[in-house]
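Heads up: the structure comes next, in structure tokens.
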Amino acid sequence: MTQTLLITGASTGIGAATARAAAEAGWQVALLARSQDELDSLAGEIGERALALPCDVTDRAALNAAVDRAVDHFGGLDAVFANAGKGVSSPGIEQGVPAEWDEMIQLNVMAVLSTAHATLPHLRKTKGHFVVTGSKAGRDHLKGSVYGATKWFVHGLAGNLAEEMREWGGRCTVISPGMVDTPFFDEPKPDKIQPGDVANAVIFAISQPEAAAVREIHIMPTG
């Protein structure tokens, strides 16, 4: 039976790489992001296994509607990858820009919660898997990093969610990469972790036998 993975932040970087890797591994993929053109292009590349669902995941109604469409189209959800996230252009707290924090917290924190809230009833039916993108910044204290603080939240939430989901046979994994060569950065970083490396970790986590719950995968550049 073909399984379905829903991905937020699916249009570029880690999300797009995971969509490709999941489809190659035999999964159907529901692709959520704001950019319709990029999603349509990715879905066209993957083919009939993919469904493009353009939406802003910080808009709870739009997110709920996209989840419902994915379930209607594929018949259910077996895994979810809450990957959408962003940083800020003004680092630090004293010199930070509160408006940037608001936008980042809505995506990095509230949208992850909303994604879990919208998808857990469907994952419960399949004893499914919730995966979320954390960060090395969610394991270390970085000077004045509000972005890092949002990822500390993600790591804490993932552990708490894993305990909630285990009551009905579900699993939760946080993927914790160091610097990844993605559009998150202005300049290419070819010597750092590649999006495909993170995608491989996601596929590994969601492909484990039912008795094994991989709670965290921490990835760092070799160099």
Side-chain angles (χ1 to χ4, degrees), residues 5 7-22 33 57-58 79-97 100-113 115-116 129-163 171-208 212-223:
L5 169 65
I7 304 170
T8 70
S11 59
T12 61
I14 292 169
T18 303
R20 294 184 181 99
V57 294
T58 66
V80 172
F81 182 27
N83 168 68
K86 66 176 298 180
V88 293
S89 57
S90 304
I93 294 173
E94 184 177 357
Q95 301 300 322
V97 178
E100 289 188 350
W101 301 342
D102 290 343
E103 189 174 334
M104 178 176 63
I105 289 168
Q106 284 300 312
L107 185 58
N108 293 11
V109 173
M110 294 308 301
V112 172
L113 280 171
T115 301
H129 204 133
F130 191 88
V131 183
V132 60
T133 302
S135 173
K136 179 180 184 294
R139 296 162 54 99
D140 300 339
H141 291 288
L142 305 177
K143 181 179 68 175
S145 177
V146 181
Y147 168 81
T150 68
K151 291 302 184 178
W152 276 78
F153 172 88
V154 166
H155 280 248
L157 175 68
N160 294 351
L161 187 54
E163 291 300 318
R171 294 177 284 184
C172 180
T173 303
V174 58
I175 309 293
S176 168
M179 188 175 288
V180 183
D181 183 20
T182 72
F184 187 92
F185 298 103
D186 295 332
E187 300 293 331
K189 300 189 181 295
D191 60 332
K192 302 303 181 184
I193 301 164
Q194 296 302 301
D197 302 329
V198 182
N200 289 341
V202 176
I203 302 305
F204 174 81
I206 63 178
S207 300
Q208 292 308 293
V214 177
R215 293 285 186 97
E216 179 177 3
I217 299 178
H218 182 48
I219 312 168
M220 289 295 292
T222 302

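All heavy atoms count here, side chains included; hydrogens, waters and symmetry mates do not.
Using a 4.5 Å heavy-atom threshold, the side chains of Asn108 and Lys86 count as touching. When side chains are defined from C-beta on, Val57 counts as touching Leu107, because their heavy atoms get closer than 4.5 Å. Val202 has its side chain out of reach of Asn83: every pair of non-hydrogen atoms, C-beta onward, lies at least 4.5 Å apart. Counting only heavy atoms from C-beta outward, the side chains of Trp101 and Ile93 approach each other to under 4.5 Å.
Under the side-chain contact (heavy atoms from CB on, under 4.5 Å) rule, Thr150 has a single partner from Val112, Val88, Ile105, which is Ile105.
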Can you check side chain to side chain contact (heavy atoms under 4.5 Å, CB included) on Val180 and Val198, steps first, answer last? CA-CA 8 Å; Val180 183; Val198 182; 4.1 Å; yes
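Across Ala33 and Ala10, no two heavy atoms sit closer than the pair CB-N, 3.9 Å. Nearest heavy atom pair, residue Gly134 against residue Pro177, reads O-CD, 3.6 Å. Between Pro91 and Ser89, the closest heavy-atom pair is CD-O, 3.4 Å. What you find for Ala17 and Gly196 is that their closest heavy atoms are CB-N, 4.0 Å. Among all heavy-atom pairs drawn from Val154 and Thr133, the shortest one is CG1-O, 3.7 Å.
Looking at Arg171, its side chain does come within 3.5 Å of a backbone N or O of Ala212 through a donor-acceptor pair. Looking only at distances, no side-chain donor or acceptor of Trp152 sits under 3.5 Å from a matching main-chain atom of Tyr147. No side-chain donor-acceptor contact under 3.5 Å links His155 to the backbone of Lys136. Under the 3.5 Å distance criterion, the side-chain polar atoms of His218 are matched with a main-chain donor or acceptor of Ser176. Checked by atom type and distance alone, the side chain of Thr173 never pairs as donor or acceptor with a backbone atom of Glu216 at under 3.5 Å.
The CD1 atom of Ile219 sits 15.0 Å away from the CE atom of Met179 when rounded to the nearest 0.5 Å. Here Asp197 contributes atom CG and Ile217 contributes atom CD1; the two are 12.0 Å apart, rounded to the nearest 0.5 Å. Interatomic distance, Met104 CE to Met110 CE, rounded to the nearest 0.5 Å: 14.5 Å. Rounding to the nearest 0.5 Å places OG1 of Thr115 at 11.5 Å from CZ of Phe81. How far CD of Gln106 is from CG of Leu113: 10.5 Å, rounded to the nearest 0.5 Å. To the nearest 0.5 Å, atoms CD1 (Ile14) and CD1 (Ile7) are separated by 11.5 Å.
Heavy-atom contacts from other residues, nucleotides or ligands closer than 6.0 Å to CD of Gln208 number more than 12.
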